[in-house]
Structure formats: structure tokens, C-alpha cells
Amino acid sequence: MPLPTPDQYNEAVQAPRLAFTDSLLQKGEVERNALGLPLALGGSFAITYRIHCKNKKSYAVRCFHKSTADLDARYDQIHRALGKARLSYFVEFEYQHQGMRVRGAAYPIVKMEWAEGETLGPALENSYEDKKRLGALQRHFEDLEEALRKAGLAHGDLQNGNVIVERSGLRLVDYDGMFVPGMARGNGVEIGHKHFQHPGRTAKHFGPEMDRFSFIVLDLSFDALRLEPELYEKFGSGENLLFTANDFMEPEYSTLFQALARLPDEGVRTRAENFARICAAPIEEVPTLKDFRSGLAIPSKRAAVSRPAAGPVYIGAFPVVDAADWERTPADEGDRVEIVGQVLDVKVRSSKKGTTSLALLLGDRFEDAVRVEMWEEALRRFAAESDPDQAWEGRWVSITGLMGSGPSRKRRRWRLRDPNLAIAVDDPTQVTEIGRDEARWRLGRGPKPAPGTKKRRGNKASNRQVLDTLKKGLEAARAAAAMAAAAASAASRVPSATKMKNKALLQRMKGTGPATPAASASASSPSAPAPAPATPPAIPAGTTPAPAWIAGANPAPPAQVLPAPARTAGPTPAALAPPSPTPSWMGGGTSSPPRWGRRYWITVGATLLGLLLLGIVLRAIVR
């Protein structure tokens with residue numbers, strides 16, 4: 001039976017009474033993010049939810065989205081072995097064979113006690129300059145290594161996300177790849193985090209010795225940071241302490257090994273050289289932490305640390321995904337991936353409950369961008385540095401997170417296009433700013449950048465600049481349209497000679513006053529007497545002379561004389577207006593502007609341009 005997808009688990013945990021078979025979990029409430037959705041933490045084979053229960057305790061519920069061999073039998077052995085060892089480094093857990101129902105089918109879950117505290121990544125980022133706390137952490141890991149070695153246990157995936165730093169010490173989580181006494185050697189299900197594992201490790205190295213290399217990495221990193229804390233700013237991130245898989249693969253090209261060779265402590269320099277030999281030797285020759293610190297059982301093969309050359313191919317801890325071409329991603333939904341891309345847009349969202357989230361869009365185009373959702377912890381970190389709207393647009397970043405899915409293209413509307421790929425970020429250390437050359441190297445498009453190269457901002461204009469440009473264009477279009485409309489309105493208010501003469505004739509017909517020429521009527525006062533109209537010349541019978549206004553002698557046609565009725569007491573109307581002349585654009589002689597003239601089309605064009613720009617701006621803002 002195929003396991004549910006992360007989206008299906010997210011849907012199910014929102015109704016705990018229906019999803020869980022455990023009576024305590026049924027009365028609990030899943031922890032949610034700022035958008036009100038279940039907060040899921042990613043792992044190699046499962047995603048983890050935090051359930052707050054009525055007994056004032058919280059539990060971590062691990063839901064498997066990838067099948068592993070003999071999962072039931074493996075967890076039964078781990079549960080019995082940890083109960084017998086009684087070590088404080090492990091939390092109480094219970095494997096439930098049919099602990100969760102998803103869409104009518106039952107699936108296994110692991111119910112674990114929630115370990116309070118910070119994971120190793122954020123804990124180190126907050127204390128890498130505190131030598132006293134670094135020394136305490138180093139001693140805690142020495143005690144952990146001794147306890148596991150004496151009990152014949154191995155965690156199998158010691159890394160930042162699986163170590164919880166509490167006030168009293170350390171706690172380990174994620175027991176999917178553990179080795180306990182009674183298990184068969186060489187039957188592993190995972191090979192651990194690449195930044196903490198020997199480059200030669202495979203599933204056949206499953207056994208009690210598989211944590212040796214990880215403890216040496218942790219111990220040497222603490223030694224170096226106590227001597228030079230600035231190393232973390234240059235080499236550290238949320239996914240490692242100092243070392244990466246590239247340092248283990250070819251120590252001779254490693255700038256970190258060169259920096260360790262210049263440390264003031266001779267003992268640390270010697271241990272760094274010994275560690276370079278361990279990286280170049282077979283995994284079977286890795287010594288215990290105690291022997292490493294004493295300089296015993298060190299492989300004889302020496303790795304020459306030289307000046308960096310072109311550099312090897314980038315080795316990421318997770319599958320590397322290009323944000324501009326994410327459809328070719330080598331990973332599946334629910335996997336933990338590393339997204340590399342340029343920030344297109346930054347949005348800060350506030351929910352009705354007062355929580356805040358930060359969303360980054362990565363890629364080349366908005367319609368195909370990757371959406372990265374970060375919650376309040378990440379927002380506090382970015383806001384402490386600078387305004388996210390201004391500081392992060394155009395930057396190149398590397399982000400590790402759980403790969404989810406977005407709406408399909410068929411469901412996308414042209415007005416509001418959501419990205420197809422979404423990445424959930426629950427910790428600020430998952431986000432790392434990198435330079436453009438570093439991004440190209442991680443994507444396999446260029447050589448490894450030289451050490452010390454400053455991170456450069458991309459040449460691509462930010463979304464804010466694009467919006468400002470569009471807004472300026474829209475304002476200019478609106479101004480042009482307003483000027484054209486005002487000009488057309490002013491032209492329509494200027495009375496023509498024909499309109500003024502017709503108005504005078506209508507006034508005479510109503511008996512309000514004698515008809516006057518247009519120029520005299522507009523210039524004279526109301527009390528001035530009007531001159532008598534001229535008597536038209538006699539027209540011979542049987543002839544129809546051509547009107548003077550057609551011949552061009554008069555711009556306005558003459559008035560037609562009508563006989564006055566006998567019973568009219570007042571002044572007799574002198575004339576009536578002739579039919580409207582034929583305009584010049586239809587072959588007539590008038591110079592009046594046409595209704596559909598140039599100014600009209602200018603106004604229409606400017607209005608349409610303004611509406612188009614307004615639509616583009618609104619569409620960009622909605623994104």
C-alpha cells in the first residue's frame with residue numbers, strides 16, 4: 001500500500017479526533033504556522049508534527065511518507081534496547097502500527113515525547129562567540145560518545161537537526177537509522193547527513209562504529225571555533241558547523257583546512273592534519289573520538305593540503321534544485337531539498353490572529369517562481385538586519401526545506417497565479433545568502449569561486465523598481481489623457497459663428513429681442529439698440545440663384561425672409577436658420593472640427609493605455 005503524501009497528512013492532522021487512534025492525541029491540537037496550516041518538520045523518511053495535548057504535554061508525531069524495510073521490527077528492537085540502556089539522551093517514544101487514519105486507511109506513526117530546547121544549528125549560531133558555552137557543548141558530546149559506545153548503540157545521523165540542546169544536556173531525536181545490539185550489520189536504510197559523514201559511507205557500513213566520524217567532525221569544529229569564532233561566519237551555516245562534504249572529499253582543495261593550518265594552537269593544527277588523513281583513508285580506519293584526541297590510530301596516508309584549484313563539483317547535503325527550473329528537480333514531494341535562486345519578491349503577511357510570516361519568491365518569472373514560506377523566527381532575524389522589502393530582493397540565496405506542492409496549472413487563474421512549488425522553512429538557519437558565483441557553482445554552471453570573494457547583488461532590477469517604473473508610466477498616461485480631455489472640452493465650449501447667429505434668431509422668434517450679427521451681439525451691451533436688418537434683393541421669377549455661402553462669398557448662409565402674420569403684435573421674427581451645412585470632411589465648406597477627429601482618438605488611446613498599465617500594476621501587486 002503506498003504511503004500518503006505530505007499534503008494528505010496535512011489534511012488529516014487538522015481533525016485529530018478522526019485522524020488518530022491514540023486517545024490522548026485525539027484530544028490534542030496540532031501546532032500551526034502563521035497562515036493557520038499544520039507546521040510540518042521534514043526528515044529523511046517522515047514528517048513530524050507537534051501535538052499539544054490536554055495533559056499540558058506535547059508530543060512529536062512522525063508520519064512516514066517513504067517506506068523502509070522492516071519498519072515495524074526495527075522500531076520494536078530500538079524500543080527494547082533503549083528501555084534497557086536507560087540513557088537520558090533519548091526521549092520516550094511509542095511505535096503505533098495503525099496509529100493514523102488517512103482517507104479511510106490506517107498507517108503507522110511514531111509518538112515521541114517532545115524535547116524542549118533548540119536544535120544544534122540555532123544553538124550554535126547564538127553562541128559561537130561564547131567560548132564557555134562552546135566548551136560545555138564539547139564536553140556534552142564527549143559524554144554522549146562514551147555513553148553510546150559503551151552501550152553498543154549508534155544513532156546513524158548525528159547532525160544539527162537531530163540534536164536538541166537543553167539546559168541539562170543533549171537529547172537525540174529521529175531514530176529511523178539507529179543501530180542497537182541484535183540488529184544485523186550492513187543492513188542500513190540511510191547514510192546520514194553528508195556534511196557530517198565520511199565520503200565513503202554506504203548502507204553496508206551500518207553498525208556500532210558509524211557515528212565515529214560525526215563525533216570527530218563535531219569535536220574538531222568546537223576546537224576551531226573556540227580559537228577563532230570568525231570561522232563560523234565564513235564557513236558555517238544552518239546545515240553544518242564548519243565542514244562540508246566537499247571538504248571531506250578533497251581536503252587538498254579545502255580553504256577550511258588551510259584556515260585550520262594557520263590556527264595559533266599547535267594541538268588543534270595537528271588534529272586538523274590528522275583529520276585530513278582520516279578523510280582520505282577508508283572509512284574502516286576511522287578511530288574513536290578518544291583515540292583521535294590522543295593522536296592514536298591515525299591513518300598513515302597523508303592528504304596534502306595545497307592551494308585551492310578550480311575545485312570539485314559541489315556536493316550538497318540534499319538534492320539541489322534550481323529555482324528557475326524547478327520542474328526538473330531530482331526530488332519528490334516531502335523530500336528535503338536545497339533551493340538555489342534569486343529573490344524576485346518579498347512579502348510580509350499578517351494573519352487575523354496577529355502572527356506574521358515572510359514569503360520569498362525565487363526564480364526568473366513570477367508565474368513559475370518558487371514560494372518560500374518562513375515564520376516568525378526567520379522574520380525576526382531578517383528584520384533585525386534590515387527591511388526585508390528592500391534588503392532581500394535581488395539577492396542570491398540557498399534555502400533548505402521540505403518540498404511541498406502548489407496548485408496545478410489547470411487551477412491557476414490569470415489574475416492570481418500561485419507558484420507550483422512551495423518550500424516550508426521553520427528555522428532561520430535554513431536560509432543562507434550566497435553570491436552569484438557561488439550560486440552558479442552549486443547549480444553546476446561554473447567553477448568554484450575564489451575564497452574571500454564578496455557576495456554581489458544581481459544586476460536584475462527588483463520588483464519594487466519595476467513597480468515604480470510602471471507607476472510612473474501610469475501617472476504620465478493619466479496626465480496625457482487629462483490634458484487631451486481638457487483640450488477637447490475647451491474646444492467644444494468655443495461657440496462658432498453659425499451657433500451664435502442661430503441663438504440670436506431663436507431669441508427674436510421668442511420675442512426677447514431683435515436679431516443681431518454674431519460679432520455685434522457678443523460685443524454690445526444689452527441696452528444698445530440693434531440695427532435694422534437689411535432688405536434682401538429681389539429675386540426674378542422663375543430663377544433660383546446659387547446661395548452666396550456655397551459660392552464662398554459668406555461663411556454663413558443668409559436668413560430666409562418670412563411674411564409676418566397680421567395678428568402679431570410684437571416685433572416680427574426676421575429669419576429662420578437654414579439646414580446645417582455640409583462639413584468640410586464630407587465635401588462641404590465649413591471649417592468646424594469633425595466629431596471623430598484627431599483629438600478624440602488621442603483621448604481614447606491615452607485612456608486605453610492608462611487602463612492597460614493599471615492592470616499590469618494591479619497584477620504585479622497581487623503577486
Side-chain angles (χ1 to χ4, degrees), residues 42-44 118-129 134 137-138 141 155-165 170 172 174 190-199 201 211-251 253-260 271-272 275-276 278-279 308 311-320 336-340 381 397-401 425-435 438-439 441-442 448-449 451 455:
S44 300
E118 291 181 310
T119 56
L120 180 58
L124 185 63
E125 184 168 338
N126 296 331
S127 61
Y128 69 90
E129 296 179 325
L134 287 177
L137 277 174
Q138 189 172 16
F141 275 102
H155 184 273
D157 190 18
L158 293 176
Q159 46 129 323
N160 288 353
N162 290 337
V163 179
I164 308 298
V165 180
L170 305 177
L172 300 180
D174 189 357
E190 62 175 327
I191 59 174
H193 197 295
K194 293 182 180 179
H195 293 340
F196 292 84
Q197 299 297 328
H198 191 281
R201 180 182 171 180
D211 285 342
R212 289 184 176 183
F213 189 86
S214 301
F215 277 116
I216 294 176
V217 171
L218 292 164
D219 187 75
L220 183 58
S221 298
F222 289 131
D223 277 338
L225 288 174
R226 285 192 295 108
L227 294 174
E228 192 172 332
E230 293 78 11
L231 290 174
Y232 183 82
E233 299 176 2
K234 187 175 182 180
F235 300 101
S237 69
E239 294 297 333
N240 72 329
L241 298 188
L242 292 179
F243 293 94
T244 65
N246 283 99
D247 298 318
F248 306 148
M249 182 63 70
E250 296 184 342
Y253 295 133
S254 171
T255 56
L256 175 58
F257 274 106
Q258 296 176 49
L260 298 181
R271 286 195 287 272
F275 182 57
I278 293 174
C279 293
V313 177
Y314 174 71
I315 304 175
F318 310 104
V320 180
R336 201 168 183 84
V337 297
E338 177 184 358
I339 293 286
V340 177
R381 175 188 174 191
V397 294
S398 169
I399 300 178
T400 58
V425 172
D426 49 85
D427 195 283
T429 58
Q430 296 174 232
V431 182
T432 304
E433 182 189 1
I434 59 178
E438 176 76 13
W441 176 58
R442 296 193 181 194
K448 183 177 181 180
K455 302 171 184 177

Peer 1: Enter the distance from Lys234:NZ to Leu242:CG here, rounded to the nearest 0.5 Å.
Peer 2: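 CG of Leu242 is found 11.5 Å from NZ of Lys234.
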
Peer 1: Say whether, by atom type as modelled, one donor and one acceptor occur between the side chain of Asn246 and the main chain of Ile315 under 3.5 angstrom.
Peer 2: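 The answer is yes, because a donor-acceptor pair under 3.5 Å joins these two groups.
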
Peer 1: Would you sort out whether Glu338 and Glu239 count as a side chain to side chain contact (heavy atoms under 4.5 Å, CB included), showing the intermediate values?
Peer 2: CA-CA 10 Å; Glu338 177 184 358; Glu239 294 297 333; over 6 Å; no

Peer 1: How close do Cys279 and Pro251 get, heavy atom to heavy atom, and via which atoms?
Peer 2: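 Distance-wise, the nearest heavy atoms are CB-CG, 4.0 Å.
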
Peer 1: Within the structure provided, determine whether Val397 and Ile339 are in side-chain contact (heavy-atom separation under 4.5 Å).
Peer 2: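 No. Closest side-chain heavy atoms not under 4.5 Å.
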
Peer 1: If the test is side-chain contact (heavy atoms from CB on, under 4.5 Å), which one of Leu225, Thr119, Asn160, Val165 qualifies with Leu124?
Peer 2: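 Result: among Leu225, Thr119, Asn160, Val165, Leu225 is the only option passing the side-chain contact (heavy atoms from CB on, under 4.5 Å) with Leu124.
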
Peer 1: Look at the side chain of Ser398 and the backbone N and O of Thr432, then say whether any donor-acceptor pair between them is shorter than 3.5 Å.
Peer 2: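 Here the side-chain-to-backbone pair does not exist.
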
Peer 1: So how far is it from Leu120 CG to Leu241 CG, rounded to the nearest 0.5 Å?
Peer 2: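 Spacing of CG (Leu120) from CG (Leu241) equals 5.5 Å.
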
Peer 1: Looking at His198 and Phe248, would you say the former's side chain and the latter's main chain have a donor-acceptor pair under 3.5 Å?
Peer 2: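 No.
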
Peer 1: Which value, rounded to the nearest 0.5 Å, describes the distance between Leu260 atom CG and Glu228 atom CD?
Peer 2: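 Rounded to the nearest 0.5 Å, the CG-CD separation comes to 9.0 Å.
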
Peer 1: Looking only at the side chains, is there a donor atom on one of Gln138 and Asp219 sitting less than 3.5 Å from an acceptor on the other?
Peer 2: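 Present: a donor and an acceptor within the cut-off.
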
Peer 1: Answer yes or no: is there a side-chain heavy-atom contact under 4.5 Å between Ile164 and Leu172?
Peer 2: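 In short, these two side chains do not touch, never coming nearer than 4.5 Å.
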
Peer 1: Is it true that a side-chain atom of Asn240 and a backbone atom of Phe235 form a donor plus acceptor pair closer than 3.5 Å?
Peer 2: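 Indeed, once roles are kept as given, a pair shorter than 3.5 Å links the two residues.
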
Peer 1: CG/Asp157 to CZ/Phe196 distance, rounded to the nearest 0.5 angstrom?
Peer 2: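 The CZ atom of Phe196 is 9.5 Å from CG of Asp157, to the nearest 0.5 Å.
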
Peer 1: Would you say the rings of His193 and Phe318 are close, in the sense that their centroids are separated by under 6.0 Å?
Peer 2: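 That pair passes the under 6.0 Å test.
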
Peer 1: Is the backbone of Asp174 close enough, under 3.5 Å, to the side chain of Asn162 for a donor and an acceptor to pair up by distance?
Peer 2: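 No; zero donor-acceptor contacts below 3.5 Å.
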
Peer 1: Would you please classify the geometry between the Phe243 ring and the Phe275 ring as parallel, tilted or perpendicular, with 30° and 60° separating the classes?
Peer 2: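 If you compare the ring of Phe275 with that of Phe243, the planes turn out perpendicular.
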
